Amino acid sequence: MNLFRFLGDLSHLLAIILLLLKIWKSRSCAGISGKSQVLFAVVFTARYLDLFTNYISLYNTCMKVEAPPHPSGPHILVTQAELCVAHGSAWTTFSLHLRSTCNCHVVLCLLSRPVPSHLILSVVSLQILWTFSIYLESVAILPQLFMVSKTGEAETITSHYLFALGVYRTLYLFNWIWRYHFEGFFDLIAIVAGLVQTVLYCDFFYLYITKVLKGKKLSLPA
């Protein structure tokens, strides 16, 4: 593991923390795209099904289970939270949604663990799911960016969340370059998808640097 991947993982973890903090402090999911959260949940669930069949390292396993690059648990929680708030439920109901969703996620993990690997592989290739997740992740942020474009502005903490996500993807792109240069490892799918996703963040990066870092609220030009 190189420095770029490690920093990318930390950036992704920071993004998840900022997203959950935004919901906790404001008691609202306003400004957060539910569509993007659902897409991210699908992305990381599909990508890390190999958690139950392959062991690479303790760090890899812990990061898949707890945080970046496997935040499907927090993403599912966020999605449920947004649905709850969007339908005008009280905070008590919101808390119940969080607890029930967390319990369901744990149960699913426990149920998935005893399934023999050859049965999973006989239904669908994990490699196909990994490729699918890479392509889907490259565009999963689009609904969120469209929402910012439609409203014309974003809260500061939401801007920090999006910036952390963009930094995560950019650092992972450098990770692939590093691995190619020093390890001779080349993955065209990951590099192309990483480039696409980084390009999608370019306009946001510019607005973040020129406005948010100067203490201004992120808003699009009229």
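All values below were derived from every heavy atom in this structure, side-chain atoms included, with hydrogens, water molecules and symmetry-related copies excluded. Please read all numbers here as calculations on a predicted model, not as lab measurements.
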Q: Using a 4.5 Å cut-off on heavy atoms from C-beta on, say whether the side chain of I191 contacts that of F186.
A: yes
Q) When clusters are formed by joining ILVMFWY residues with side-chain heavy atoms under 4.5 Å apart, either directly or through shared neighbours, do L200 and F146 land in the same one? A) yes
Q: Could you tell me whether the side chain of S149 and the main chain of L145 form a donor-acceptor pair under 3.5 Å?
A: no
Q: With the side chain counted from C-beta on, respond yes when Y180 and D187 share a heavy-atom pair under 4.5 Å apart, and no when they do not.
A: no
Q: Indicate the ring-plane relationship of Y208 and F163, choosing parallel, tilted or perpendicular according to the 30° and 60° boundaries.
A: parallel
Q) Between F4 and I177, is a side chain to side chain contact (heavy atoms under 4.5 Å, CB included) present by the stated rule, with each step listed? A) CA-CA 10 Å; F4 292 115; I177 296 174; over 6 Å; no
Q: Supply the atom-to-atom distance C202 SG to L207 CG, rounded to the nearest 0.5 angstrom.
A: 11.5 Å
(Q) Counting only heavy atoms not in F205 (residues, nucleotides, ligands), do more than 12 fall under 6.0 Å from its CZ? (A) yes
Q. Between S36 and Q144, is there a donor-acceptor pair closer than 3.5 Å when you use the side chain of the first and the backbone of the second?
A. yes
Q: Kindly indicate, with the supporting measurements, whether the criterion side chain to side chain contact (heavy atoms under 4.5 Å, CB included) is fulfilled by F6 and N175.
A: CA-CA 9 Å; F6 179 70; N175 162 63; over 6 Å; no
Q) Can you find a heavy atom in the side chain of N2 that is under 4.5 Å from one in the side chain of F182? A) no
(Q) Under 4.5 Å between side-chain heavy atoms, counting indirect links through other Ile/Leu/Val/Met/Phe/Trp/Tyr residues: same cluster for F185 and L173 or not? (A) yes
Q | Over 12 non-hydrogen atoms of neighbours within 6.0 angstrom of OH in Y206 | A | no
Q: Treat each ILVMFWY residue as a node, draw an edge where side-chain heavy atoms are under 4.5 Å apart, and state whether V139 and I134 are in one component.
A: no
Q. Judged by modelled atom types alone, do D9 and Y172 share a side-chain donor-acceptor pair under 3.5 Å?
A. yes
Q: Report the C-alpha distance between H160 and V212 in whole Å, list the side-chain angles of each, state the deciding distance to 0.1 Å, and finish with yes or no for side chain to side chain contact (heavy atoms under 4.5 Å, CB included).
A: CA-CA 8 Å; H160 293 331; V212 178; 3.6 Å; yes
Q. Which pair of non-hydrogen atoms, one from A190 and one from W130, has the smallest distance, and what is that distance?
A. CB-CH2, 4.4 Å
Q) Does V196 belong to the same Ile/Leu/Val/Met/Phe/Trp/Tyr cluster as I189, with side-chain heavy atoms less than 4.5 Å apart forming each link? A) no
Q) Nearest 0.5 Å, what's the CD-CZ distance between E137 and R47? A) 4.0 Å
Q: For the residue pair E153 and V148, establish whether any side-chain heavy-atom pair is separated by less than 4.5 Å.
A: no
(Q) Looking at S133 and F44, would you say the former's side chain and the latter's main chain have a donor-acceptor pair under 3.5 Å? (A) no
Q.
Please determine whether side chain to side chain contact (heavy atoms under 4.5 Å, CB included) holds for the pair H12 and L165, giving the CA-CA distance in whole Å, both sets of side-chain angles, and the decisive distance to 0.1 Å.
A. CA-CA 6 Å; H12 202 177; L165 272 185; 3.7 Å; yes
Q. Is a side-chain donor or acceptor of K22 paired with a backbone partner of A30 at a separation under 3.5 angstrom?
A. yes
Q) Which distance, rounded to the nearest 0.5 Å, do you find between the CD1 of I157 and the CG of L19? A) 8.5 Å
**Q.** Heavy-atom closest pair, residues G31 and T158
**A.** O-CG2, 4.0 Å
Q: Measure the spacing between CG of L7 and CZ of R5 and express it to the nearest 0.5 Å.
A: 12.5 Å
Q. Is the backbone N or O of V42 less than 3.5 Å from a side-chain atom of T45, with the two atoms forming a donor-acceptor pair by type?
A. no
Q) What's the spacing between L162 CG and Y201 OH if we round to 0.5 Å? A) 6.5 Å
Q: Quick one: pull up OG in S11 and CG in L18 and give me the separation to the nearest 0.5 Å.
A: 9.0 Å
Q) Do F40 and L21 belong together in a cluster built from hydrophobic side chains that touch within less than 4.5 Å? A) yes
